[in-house]
Amino acid sequence: MTASDNAISTELLDWYDRHARDLPWRAAPGQPAPDPYRVWLSEIMLQQTTVAAVKPYFAKFLHIWPTVEALAAAPDDQIMAAWAGLGYYSRARNLAKAARVVAELGAFPETEAELRKLPGVGDYTAAAIAAIAFGERAVVVDANVERVVSRLFAIEEPLPKSRKVIRTHTDAITPECRAGDFAQAMMDLGSSVCTSRSPQCLLCPLSRHCEARMAEPEHFPFKAPKKEKPIRAGQAYWIEREQSVWLVTREGTGMLGGMRALPDDGWSAKGDGSSIPPFDGEWAEAGSVSHSFTHFSLDLSVMVTRTEQEPAIKGEWWPLDRLEQAGLPTLFAKAARRVLAG
DNA sequence: GAATCGTGGTT
DNA sequence: TAACCAAGATT
């Protein structure tokens, strides 16, 4: 660590002591580390997800399952339903698996290398938990850090190829002590000052160190162009009997895997659905909903029928007055609203 | 290494 | 408003 690197971490930590955000899963600067369960849970939820979106889910999970042992004992469908709406459902599937591993171990692993073995815990999350919950000096690189470091050192190589050099620079400015506070300080800086668009350089404690400061910081980090998003078409099927609707549980690890859902015609990221209903009958279109996923958009047509018989597809009758508790992902919650709105 | 995997807020 | 983006992991 050069003198300049040292100044960066020192000045950032000083800024953090005065400006740290107060977040439910976080200890105040300099305070004892929070419960590893809280740190882990928040880090999983925060993957590619905003603080505002996570807050109510974090509170709900902690209320229902106050400990990792309680979470480990919960059935999958309850965990999946509680996660509904937060997105990236493989996180919830891995959350359940990891909880059971930790419960079996008796406690959370305390090193970056051991944490990295938990399902759903990758390079970033292992480093973050090790630093924040256990005080290990780990190099924590998330999208905020990538942006801040790209600007600090005016890295012109585009992401994702620049990841290696970004990590090297991050390692150089990571202090031996308070690595957890340092990581959180970098993330606070990235989310509130060194923002993607319109960075607030006048408020930045690191501006005097920033090589991009006199250029155009908002142009960093450079990024490879992204592919265009196709529009797919599909159908979902609303099968109603008395005051219940037939819900399925989606299989596998693909789109919305493990989540309760309306039956559909097999639409996917690869192509349109078949438009073939699950059985012959009198189907009427109740309307359509548009939904945008990460790599494609979907126009979903919602087909409705009434029946007295048990559909031949695996599923369950779900009472309409308890539909909120089914834990439908947002796409199907939208479809349900469309039907029920008439 | 590139694709896959959600959602809601911001600009 | 369409595009961009967020405390990434997995295959």
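Letters A, B, ... mirror the listed sequences (proteins, then strands); counts begin at 1.
- Exactly one residue among A:Thr174, A:Val145, A:Ile155, A:Val141 makes a side chain to side chain contact (heavy atoms under 4.5 Å, CB included) with A:His169. That residue is A:Ile155.
- Look at CD on A:Gln47: it is 20 Å from P on B:dT4, rounded to the nearest Å.
- Between A:Trp267 and A:Phe332, the angle of the ring planes lies from 30° to 60°, which puts this pair in the tilted group.
- For A:Arg163 and C:dG8, the shortest distance from a side-chain N or O to OP1 or OP2 is not below 4.0 Å.
- The side chain of A:Gln48 places no N or O atom within less than 4.0 Å of a non-bridging phosphate oxygen (OP1 or OP2) of C:dA6.
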Please walk me through it: do A:Arg232 and A:Asp299 pass salt bridge (Lys or Arg N to Asp or Glu O under 4.0 Å)? CA-CA 6 Å; A:Arg232 305 292 183 202; A:Asp299 285 337; over 6 Å; no
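- Applying the 4.0 Å criterion to OP1 and OP2 of C:dA9, one finds that A:Thr125 has a side-chain N or O inside that range.
- Distances were taken from every side-chain heavy atom of A:Lys270 (C-beta onward) to each of B:dA3, B:dT4, B:dG8; the shortest belongs to B:dT4.
- Residue A:Leu298 contributes atom CG, which lies 13 Å from atom C1' of B:dG6 at whole-angstrom precision.
- Remark: P of C:dA9 and OH of A:Tyr124 are 8 Å apart, rounded to the nearest angstrom.
- Look at CD on A:Glu146: it is 13 Å from C1' on C:dC5, rounded to the nearest Å.
- Distance CG (A:Leu159) to P (C:dC4): 15 Å, rounded to an integer number of Å.
- A:Arg91 contributes no side-chain N or O that forms a donor-acceptor pair with the base of C:dA7 under 3.5 Å.
- In terms of phosphate contacts, A:Ser90 brings no side-chain nitrogen or oxygen within less than 4.0 Å of OP1 or OP2 of C:dA9.
- The side chain of A:Tyr88 contributes no N or O atom lying less than 4.0 Å from OP1 or OP2 of C:dT10.
- Scanning atom types as modelled, one donor and one acceptor separated by under 3.5 angstrom connect the side chain of A:Thr49 and the base of B:dG6.
- Put simply, A:His291 has a side-chain N or O that comes within less than 4.0 Å of OP1 or OP2 on B:dT7.
- Annotation: A:Trp317 is in aromatic contact with A:Trp246 [ring centroid separation under 6.0 Å].
- An OP1 or OP2 oxygen of C:dA3 is reached within less than 4.0 angstrom by no side-chain nitrogen or oxygen of A:Lys229.
- Contact of A:Thr294 with B:dG6 (side chain to base): a donor-acceptor pair of N or O atoms is detected under 3.5 Å.
- Rounding to whole angstrom units, CG of residue A:Asn94 and C1' of B:dT4 are separated by 14 Å.
- Nucleotides B:dT10 and C:dA7 have their P atoms positioned 13 Å apart, rounded to a whole Å.
- On the C1' atoms, B:dG6 is 12 Å away from C:dA6, given to the nearest whole Å.
- Both A:Gly120 and A:Asn144 lie close to DNA chain C; mapped to their nearest nucleotides by heavy-atom distance, the more 5′-ward contact belongs to A:Asn144.
- The phosphate of B:dT7 (OP1 or OP2) has no side-chain N or O of A:Ser292 nearer than 4.0 angstrom.
- Each of A:Pro160 and A:Thr50 was matched to the nucleotide of DNA chain B holding its nearest heavy atom; the match closer to the 5' end belongs to A:Pro160.
- Between A:Gln47 and A:Arg91, the side chains place no donor N or O within less than 3.5 Å of an acceptor N or O (distance only, hydrogens not considered).
- The line from NE2 of A:His19 to CG of A:Leu12 is 11.0 Å long, rounded to the nearest 0.5 Å.
- If you take CG of A:Asp123 and P of B:dG1, they are 14 Å apart, rounded to a whole angstrom.
- The NE2-P distance, from A:His295 to C:dA3, rounds to 17 Å in whole Å.
- When the side-chain nitrogen and oxygen atoms of A:Lys226 are compared with OP1 and OP2 of C:dA3, none of them lie within a distance under 4.0 Å.
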